[in-house]
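Reckoned from all heavy atoms, side chains included, excluding hydrogens, waters and symmetry mates. Numbered from 1 within each chain, the chains take letters A, B, ... in sequence-line order.
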Amino acid sequence: MISLSGLNPEQRSAAEAIEGPVLILAGAGSGKTRTITYRIAHMVSNLAIPGKNILGVSFTNKAAKEMRERVIALLGKTKSRGITLTTFHSLGVKILKKEIDKLGYHLNFSIYDTSDQLGIIREALKVYQTDKKFDHKRILSKIGSMKNRGISSEDFLSSPYFDEEEPYDLATEYAYRYYQDKLKFFNAIDFDDILFLVVELFDKYPEVAEKYSEKFQYIMIDEYQDTNGLQLKLIMGLVSKHDNLCVVGDDDQSIYAFRGADITNILEFERQFPNAKVIKLEQNYRSTSPILSLANHIIKENKQRRAKTLWSTKESNLKPILWAMGDTDHEAQVVVDEIAKFQAKGGHLGDIAILYRSNTQAQPIEDELRIAQVPYTVLGGQKFYEKKEIKDLIAYFSVMVNPYDQMALRRILNVPHRGIGNATLDKFLLYSEQNNVSLFEAMQAHPDLAGPRAGNIQDFVKLIHTYQEKFKQNSLAESCSVFVEDIKFLQYIDKQYDNAKQADRRKNDIMMFLESAERFQKFQSDQATLKNFVEKLLLQDNQDRQEDEEDEDIRKNEVTMMTLHSSKGLEFDIVYLIGMEEEILPHKKTITDGEDISEERRLAYVGVTRAREKLFMTFCKERKIYGRKVTRYPSRFLYEMDPLYVNQDRTTFGHLTEEEKEEHIKSTFASLSSLLDD
DNA sequence: TCGTCCGGCGTTTTT
DNA sequence: CGCCGGACGA
C-alpha cells in the first residue's frame with residue numbers, strides 16, 4: 001500500500017484522478033514529479049493496475065530517468081517492472097522497430113542527425129539548380145517544421161504553409177521530396193520522422209494504433225506545454241481505445257515555440273478532451289515568498305495563460321536584488337567577487353547558478369571565474385557523440401547494421417585513408433543511381449568499376465562483412481575494441497593532428513567510447529546488440545555515463561553556468577540572472593521582428609523561479625556588441641517587476657571599499673540596509 | 001586534397 | 001570583433 005498522505009490536497013487529487021482525461025497544471029516548484037510518481041505508484045500498488053499498462057512520456061532522457069528512479073524508490077524494483085517510462089523519441093523508435101516495414105522501410109533503419117540531413121539537402125539544391133543561393137539550414141528547418149505539423153512532402157504543395165511566390169518555398173518543395181526519397185533509399189529516418197512515421201503508421205493502419213492503445217491503458221505526458229502538433233497526433237493514436245490521458249505541464253514555462261512547441265495544446269486541452277479534469281498545483285515548495293511574488297508579477301503580464309498564483313510558506317526578508325553594472329567585465333567582476341566571498345565563508349558552490357539568455361554572455365564570466373580560481377562548469381556545449389572521430393566510428397557501425405546507409409558509408413569510405421577518393425566514389429554513385437541498387441551493393445557486386453583501385457573496394461567490402469559476422473558472434477565491447485585496433489584508428493588520429501595534445505584528447509574520446517560500449521553491455525546484457533548500441537548513441541541516451549552514477553545526488557563544489565532554456569526543471573539556492581537588458585531579454589530578434597514577447601517573459605519567469613533563497617539580477621549600462629561599445633537599457637521586464645526588488649547601482653560603488661559601499665547603500669537605501677550582510 | 005582568403009552574420013535546443 | 005562556410009587556387 002502506498003500512502004498519499006504526504007501529498008497536499010491538490011497533489012493528492014491529481015494522484016487519484018486515474019480515469020479519463022486529466023490536466024495537471026503544475027506551477028514551478030510545485031512538486032510535479034513527486035505528484036506523478038505517486039500517481040503511478042498509487043495505480044500499481046493500490047489499484048492493482050499492471051505496470052505494463054502504464055506509459056509515461058517525457059522529452060529528455062534525463063527526465064525519463066528521474067521518473068523511473070523515483071517510481072522505483074516508491075514501489076521497489078519488482079513492482080516497477082513493466083512500467084514504460086521513456087521519451088517520445090525512444091517510444092517512437094520502439095514502435096518503428098516492430099512496424100516500420102509496413103511503411104516500406106527495413107527494420108534495421110538508420111537514424112540521421114543534422115549533419116546527415118544537411119548533406120542530403122546540399123545535394124538536393126545542387127540538383128535543383130537555380131541562380132539564387134539558398135540557406136541549407138533554412139530549407140531543412142522548414143522541412144522539419146512541416147513534419148512537426150504532420151505535413152508530408154506530398155502534402156506540402158497544397159498546404160497553407162506553401163507560397164508559390166516565395167522562392168524558398170519552391171526550393172523547399174523540391175528539396176523535401178528529394179530528401180524523403182533519399183532517406184527511404186538509404187533506409188534511414190531523421191529525428192522528426194521518428195514521430196512522423198509513427199503517426200503515418202497509425203493513420204494508415206488504425207489497428208496498429210489500437211494495439212498500442214490497448215497495451216497502454218494509462219498514459220501520462222510530461223512537460224505538455226512543450227508538445228507540438230505531431231506529438232498531439234501521436235497521443236491521439238495512443239488513446240484511440242480509451243481516454244485515460246493525464247498531461248502535466250505549465251503553460252508559463254513554455255519556452256520552446258522556436259522549435260515547434262505549440263502552447264495551444266495545453267491552453268485548449270479541455271476543448272480537445274471535453275470532460276477533462278483540471279487540477280492546479282499552486283503551492284511552491286522551492287522559493288521564498290519575495291522571489292515568488294516577483295515571479296508572479298512578471299508572468300501575470302502575459303495575456304494568454306492559465307491564471308495561476310504561486311504561493312509559498314517560506315518567508316524571508318531577502319528581497320531579490322538588481323545590480324546596475326558598467327559593462328560586461330564589470331558585471332563579471334561583481335558577480336564573481338560576490339561568489340568568491342560566499343566561497344570564503346564556506347559556502348557550497350554547487351548551490352549557485354549563473355543563468356543567461358544566450359551563450360555569448362558566458363565568456364566574460366568564465367574568464368573572471370578562472371582568474372579568481374572559482375571552480376565552475378558550463379552546461380551545454382559539444383555533445384560527445386558529435387565529435388568527429390566518434391561519429392566516424394558510429395558511421396562504421398551504422399553501415400554494418402544497415403548497408404543501405406549511404407551517408408554513413410560515404411563518411412567512412414576513406415577514413416582512415418584507403419585510396420578511395422571522390423573520383424572513385426562518383427563512379428559507384430552513378431552506378432547505384434542508374435541501377436537503383438545501394439552504393440554498398442554496387443561496390444560489392446562491381447568492385448571492378450574502380451579500375452586499378454578495385455582491390456581497395458574489395459578490401460573495404462570485406463572489412464564490413466567480416467565485422468558484421470564478428471559482432472554477431474562476439475560480445476559488443478570486444479568487437480568494438482578489436483575493430484578500432486584493426487582499422488588502426490588511433491594511429492590514424494595521430495597522423496591527423498600535428499598537435500599532440502589534441503590527438504591525445506581525441507584518442508581519449510575513443511577510449512571513452514569503448515568504455516561506454518562496455519557499460520552498455522553490462523547493463524543491457526542480452527540486448528547489447530550493435531544495432532541497439534548505435535541507436536542508443538544516436539538518441540543521446542547517456543544514462544549509463546559513469547559521472548551520472550557518481551554525482552547523482554550531490555552537486556559538485558562548482559558554480560553551474562547555463563542558458564535559461566537549459567535551466568528549466570532545475571533549482572539552486574542562489575541564482576544570478578545576468579543581462580536583464582533590452583535586446584537580450586527580451587531578445588533583439590523578438591523585438592525587431594515585432595513578435596510576441598510573451599515567450600521571452602516566460603523565459604525571465606523560468607529564470608526567477610529557479611532560485612530557492614537568493615536572486616540577483618544584473619544589467620549593463622554599456623556593452624560591446626560586435627566590437628562596438630553600445631549604450632544599453634534595463635529590460636522592460638524589470639519595470640514590470642518594480643518595486644519587488646532592491647535596486648543597487650554598482651557603477652557608483654562597484655570598486656569602493658566595503659566601508660564606502662556600506663555608507664553608500666545606507667544613504668541610498670536607508671530602509672534596506674539590513675541586506676548588507678548578504 | 002588541402003589550405004587560405006573573403007564575406008556574411010551574429011538566440012534559445014532535444015532527440 | 002571573430003567564427004564559419006564556401007569558393008578558389010596550389
Next on the checklist: What contact category does Asn414(A) fall into here, base, sugar-phosphate, or nothing, at under 4.0 angstrom with non-hydrogen atoms?
Outcome noted: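 Here Asn414(A) touches the backbone only, sparing every base.
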Next on the checklist: Rounding to an integer number of angstrom, what distance separates dT12(B) and dG5(C) when you compare their P atoms?
Outcome noted: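 The answer is 15 Å between these two P atoms.
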Next on the checklist: What's the gap between dT13(B) and dG2(C) when it is taken at their C1' atoms, as a whole Å value?
Outcome noted: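 Rounded to whole Å, the distance is 23 Å.
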Ring center gap for [X] and [Y] short of 6.0 angstrom:
X	Y	answer
Tyr356(A)	His565(A)	no
His89(A)	Phe59(A)	no
Tyr492(A)	Phe489(A)	yes
Tyr404(A)	Phe186(A)	no
Phe397(A)	Phe533(A)	no

Next on the checklist: If the threshold is 4.0 Å, N to carboxylate O, is there a salt bridge linking Lys568(A) and Asp226(A)?
Outcome noted: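 Salt bridge present between Lys568(A) and Asp226(A).
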Next on the checklist: Between the side chains of Glu583(A) and Lys589(A), is the shortest nitrogen-to-carboxylate-oxygen separation below 4.0 Å, so that they form an ion pair?
Outcome noted: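 Salt bridge absent between Lys589(A) and Glu583(A).
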Checklist entry - For nucleotides 5-15 of chain B, read 5' to 3', which letter fits each nucleotide if B means a protein heavy atom sits under 4.0 Å from the base, S means only the sugar-phosphate is that close, and - means neither? => result -----BBBBBB
Identify all pairs in which a protein N or O lies below 3.5 Å from an N or O of nucleotides 8-10 of chain C, and state each distance.
none

Give each protein N/O atom lying under 3.5 Å from an N/O atom of nucleotides 2-6 of chain C, with the pair distance.
none

Checklist entry - Can you list the steps and then say if Arg601(A) with Glu640(A) is a salt bridge (Lys or Arg N to Asp or Glu O under 4.0 Å)? => result CA-CA 10 Å; Arg601(A) 190 177 282 108; Glu640(A) 294 172 2; 2.8 Å; yes
Next on the checklist: If the test is side chain to side chain contact (heavy atoms under 4.5 Å, CB included), which one of Ile263(A), Ile235(A), Val248(A) qualifies with Tyr224(A)?
Outcome noted: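 Going through the options one by one, the only one that passes is Ile235(A).
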Item to check | Result of checking Glu99(A), Lys94(A), Lys98(A) against Tyr212(A) for side chain to side chain donor-acceptor pair (under 3.5 Å) | outcome: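 Testing Tyr212(A) for a side chain to side chain donor-acceptor pair (under 3.5 Å) against Glu99(A), Lys94(A), Lys98(A) leaves exactly one candidate, Glu99(A).
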